[in-house]
Amino acid sequence: MSELNNAESAENVTGTETEGTVSKNFIEKIIEDDLASGRVDHVVTRFPPEPNGYLHIGHAKSILLNYGLAKEYGGRFNFRFDDTNPTKEKLEFVESIKSDVKWLGADFRDEVFYASDYFDRMYDCAVDLIKKGKAYVSDLNADQIREYRGTLTEPGKKDPYSDRSVEENLALFEDMKAGKFEDGSKVLRAKIDMASPNINMRDPIIYRIARMEHHNTGDKWCIYPMYDFAHPIEDAIEGITHSICTLEFEDHRPLYDWVVIECGFKNTPEESPKQIEFAKLYLKNVVTGKRYIKKLVEDGIVDGWDDPRLVSIAGLKRRGFTADAIRRFVEISGISKSNAVADYAALEYCAREDMKFKSPRLMAVLDPVKVVIDNYPEDNEEELEIENNLENESLGKRKVKFSREIYIEREDFMEEPPRKYFRMFPGNEVRLMNAYFVKCVSFEKDETGKVTLIHCTYDPESRGGNSPDGRKVKGTIHWVNARTAGHATVRLYENLVDEEKGVYNEDGSLNLNPDSLKVIEDALVEPALMEAKAFDRFQFVRNGFFCVDYKDSVPGKPVFNRVVSLKSSFKIQ
RNA sequence: UGGGCUAUCGCCAAGGGGUAAGGCACAACACUUUGACUGUUGCAUUCGUUGGUUCGAAUCCAACUAGCCCAGCCA
């Protein structure tokens, strides 16, 4: 089967990269203006995740945006862990994030930056701030800090410790670093403006005490910088020109600029790394909340963080989505500042587009019912040569055995067909794909009324699927040879949550769809499929695109995950 | 109620004074050895609302309305 999938590397089979003319997004315009005005002469972007969880489709947007921009403008893309809070971070996450970013195709030259590598520089910056009288050590506790901060509508109050002398602050901060104070007993605050209408500017905390083993720096530090202080420094150190983040950081931009300038990296905001905010990518009726997914995993409702129903990068990958499909999806979703909720259908569209030419099209019967071709010689067996993908010759051909007994899809037969049903029913002639015309002559049912066997006759003249007398047949159905078919597990997915009623119940719990996973233990597949390897992708004709599960497949019993079904305009009248 | 941001088709999203791009979804027809793909066609007299400026406004001005974000020693 590896041969079948080889052609996956035959890129651009159609020779037309149909990217279309996509208009520039607002960030591209900012960058081009900056380049044109000479504010910058090169571009450096970054993706700075905190290693506190797994990446999901929303992160893919940020990764691909930042990487794409760097690539588009011949610049540089830095992959950096924003690991300034060891209480939430784990090595496990840095590993999974690394592999996800790599898989998505954002090339970071195997060079990983860590905010924690800059802790010494950050400490020095804080000391400088103290020396300039722009930072002070406060003994207020968390509750008091909140109280003094004021509210959205009332200004904050002056911190009683804000007038300590530079010398005292210097000594105190050094003692904080030396571990002389308990966690939470003191903080370092930037002295800005307790009355600012922007709460972020009301003497923000820039260092806190937290005795925690850090995955990178171990127990070297017991004080850690806060995001608002650390991030601009990280960007400035790396020479980031455009610091792209999400909308909720808009209010932090003045503080970002303040830190860059007060710490002496630049003289004006114009010269500083420019923080630009864009809207996150949300998918309709999809669960991304960490605590919800954690509970689903704990409750055994999903099979870990890479369950194929999840939109974690690992889940999408396991389901069978390609990085190209995800890239395309992010691309067509666009970049803007308005909160957007994309349709899952758009992701599905991208998956189909990506696989339709690249994947071999084979036959698999998910819900089999046996068919006997009465007039086909009992012991005869013949070999049909079938094109693997009619729209991509480079995928080659395969040989498929045909004999007297076959299986077809149960839903492709009806005893009493409704109008416009042109599959198999008594007296109707249909085409067995790539094989013969067959006509149903009779069928058998068990006591429950379930069809157990269908009798057909075939037209020996119609080998390959065409009749020499030019007679047409309206229906073409897929089949599998009873003698040679392999047994496989097939998993069909639906949305994890109920699409009609929305994601959450009134009590805040998830409104789960009980049918989100359907496991077919005994699907019958063409023998070629039995040799499929992990992550091989196929179109099962008329059933959709499937990908070999890398975890649960075993030799002799592959597991196929349905990535996406085929579109269908067929409705029973 | 202070500050910040956003509002163009069911969903994304261009357009920034000259008379509404594109994609997804949807619908119809054609083609079809996948009810798929492909092709053709149809899908906003209207741009959150109301006024104003102008020969002309989605674009400029004013007022309003709605939604999102901010009061972690999280990021």
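Order of the sequence lines fixes the chain letters, A, B, ..., with proteins taken first and strands second; residue numbering starts at 1 for each chain. Here the structure is a predicted model, which is why all the values come from computation and not from measurement. Just so it is clear, the values below take in all heavy atoms, side chains as well, and ignore hydrogens, waters and symmetry mates.
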For B:rA58 versus B:rA36, give the span between their P atoms, rounded off to a whole number of Å.
40 Å

Nearest-Å distance for atom pair CG/C1', residues A:Leu255 and B:rG3:
15 Å

Proximity to the side chain of A:Thr476 - top-ranked nucleotide from B:rC69, B:rC74, B:rU34
B:rU34

Going by side-chain contact (heavy atoms from CB on, under 4.5 Å), A:Trp479 matches just one of A:Val400, A:Val438, A:Leu524. Which one?
A:Val400

Looking at B:rG35, B:rA75, B:rU34, which one has an atom nearest to any side-chain atom of A:Ser568?
B:rG35

Using a 4.0 Å heavy-atom cut-off, does A:Ser196 contact any base of the nucleic acid, only the sugar-phosphate backbone, or nothing at all?
nothing

Closer to the 5' end of RNA chain B via nearest nucleotide, is it A:Asn339 or A:Lys356?
A:Lys356

Minimum-distance nucleotide to A:Lys571 side chain [options: B:rC11, B:rA13, B:rA27]:
B:rA27

Are there over 12 heavy-atom neighbours, none belonging to A:Glu32, within less than 6.0 Å of that residue's CD?
yes

Whole-angstrom distance between B:rU54 and B:rU49, as gauged at atom P
23 Å

Quick one: the side chain of A:Gln539 and the base of B:rU34, do they pair up donor-acceptor inside 3.5 Å?
yes

Mind calculating the distance between NZ (A:Lys290) and P (B:rC74) to the nearest angstrom?
15 Å

Tell me which nucleotide, if any, is Watson-Crick or G-U wobble paired with B:rC31 when both distances must be under 3.5 Å.
none

With a 4.0 Å cutoff (strictly under), does any side-chain N or O of A:Ser336 reach OP1 or OP2 of B:rA13?
yes

Let me know, please, whether A:Asn389 or A:Pro197 comes out on the 5' side of the other along RNA chain B by nearest nucleotide.
A:Pro197

Taking only side-chain nitrogens and oxygens of A:Ser338, does any of them come within less than 4.0 Å of OP1 or OP2 of B:rA13?
yes

Provide, to the nearest angstrom, the distance between the CD1 atom belonging to A:Ile199 and the P atom belonging to B:rG2.
13 Å

A:Ile209 CD1 to B:rG72 P: how many Å, rounded?
19 Å

Is the phosphate of B:rA36, meaning OP1 or OP2, less than 4.0 Å from a side-chain N or O of A:Ser569?
yes

With a 4.0 Å cutoff (strictly under), does any side-chain N or O of A:Arg146 reach OP1 or OP2 of B:rC73?
no

With heavy atoms under 4.0 Å as the rule, sort A:Asp251 into base, sugar-phosphate or nothing.
base

Grab the NZ-P distance between A:Lys24 and B:rG22 for me, whole Å please.
19 Å

A:Arg149 side-chain N/O to B:rC73 phosphate OP1/OP2 under 4.0 Å:
yes

Among B:rC73, B:rA71, B:rC24, the one nearest any side-chain atom of A:Ala142 is B:rC73

May I ask you to verify if any side-chain N or O of A:Arg361 is less than 4.0 angstrom from the OP1 or OP2 atom of B:rA36?
no

OP1 or OP2 of B:rU34 under 4.0 Å from side-chain N/O of A:Arg352:
no

For the side chain of A:Ile145, counting heavy atoms from C-beta on, which of B:rA75, B:rC73, B:rG10 is nearest?
B:rC73

Could you tell me how far B:rU19 sits from B:rU40 if I compare only their C1' atoms? Round to whole Å.
28 Å

If B:rC9 has a Watson-Crick or G-U wobble mate with both distances under 3.5 Å, name it; if not, just say none.
none

Taken to the nearest whole Å, CD/A:Glu277 to P/B:rC69 is 16 Å

Salt bridge present between A:Glu387 and A:Arg361 (N-O < 4.0 angstrom)
no

Classify the nucleic acid contact of A:Ile205 as base, sugar-phosphate or nothing, counting any heavy atom under 4.0 Å across all strands shown.
base

Contact class for A:His231 (heavy atom, under 4.0 Å): base, sugar-phosphate, or nothing?
nothing

By the 4.0 Å heavy-atom rule, please label A:Asn434 as base, sugar-phosphate, or nothing.
base

Does A:Glu383 come within less than 4.0 Å of A:Lys399, counting only side-chain N to carboxylate O?
no

Do A:Asn388 side-chain atoms and A:Leu395 backbone N/O form a donor-acceptor pair below 3.5 Å?
yes

Kindly say if A:Lys29 contacts the phosphate of B:rG15, meaning a side-chain N or O under 4.0 Å from OP1 or OP2.
yes

Nearest-angstrom distance from the residue atom CE of A:Met212 to C1' of B:rA75:
16 Å

A:Glu50 CD to B:rA75 C1', straight-line distance once rounded to whole Å:
5 Å

Tell me whether the side-chain N/O atoms of A:Arg542 come closer than 4.0 Å to OP1 or OP2 in B:rG35.
yes

Could you tell me whether A:Glu50 and A:Lys88 make a salt bridge, using a distance below 4.0 angstrom between a side-chain N and a carboxylate O?
no

Can you tell me how far P in B:rU32 sits from the matching atom in B:rC37, rounded to whole Å?
16 Å

Do A:Arg423 and A:Glu411 come close enough that some side-chain heavy atom pair is under 4.5 Å?
yes

Taking the same atom, P, in B:rG17 and in B:rG2, what whole-Å distance lies between them?
32 Å

Tell me whether A:Lys439 forms a cation-pi arrangement with A:Tyr458, defined as NZ or CZ under 6.0 Å from the six-membered ring centre and within 45 degrees of its axis.
no

P atom, B:rG18 versus B:rG23: distance in rounded Å?
24 Å

Under 4.0 Å between a side-chain N or O of A:Lys337 and OP1 or OP2 of B:rA7?
no

If the cut-off is 4.0 Å, is A:Tyr349 near the phosphate of B:rC24, judged by side-chain N/O to OP1 or OP2?
yes

Rounded distance in Å between the P positions of B:rC69 and B:rG35:
46 Å

Taking the side chain of A:Tyr421 as heavy atoms from C-beta outward, which of B:rG35, B:rA71, B:rA36 is closest to it?
B:rG35

Where does B:rG72 fall, syn or anti, if syn means a chi angle no more than 90° from 0?
syn

Re B:rG17: Watson-Crick or G-U wobble partner, both distances kept under 3.5 Å, found to be none

Could you check whether A:Tyr136 and A:Phe173 have their ring centres less than 6.0 Å apart?
no

Pairing partner (Watson-Crick or G-U wobble, both distances under 3.5 angstrom) of B:rG72
none

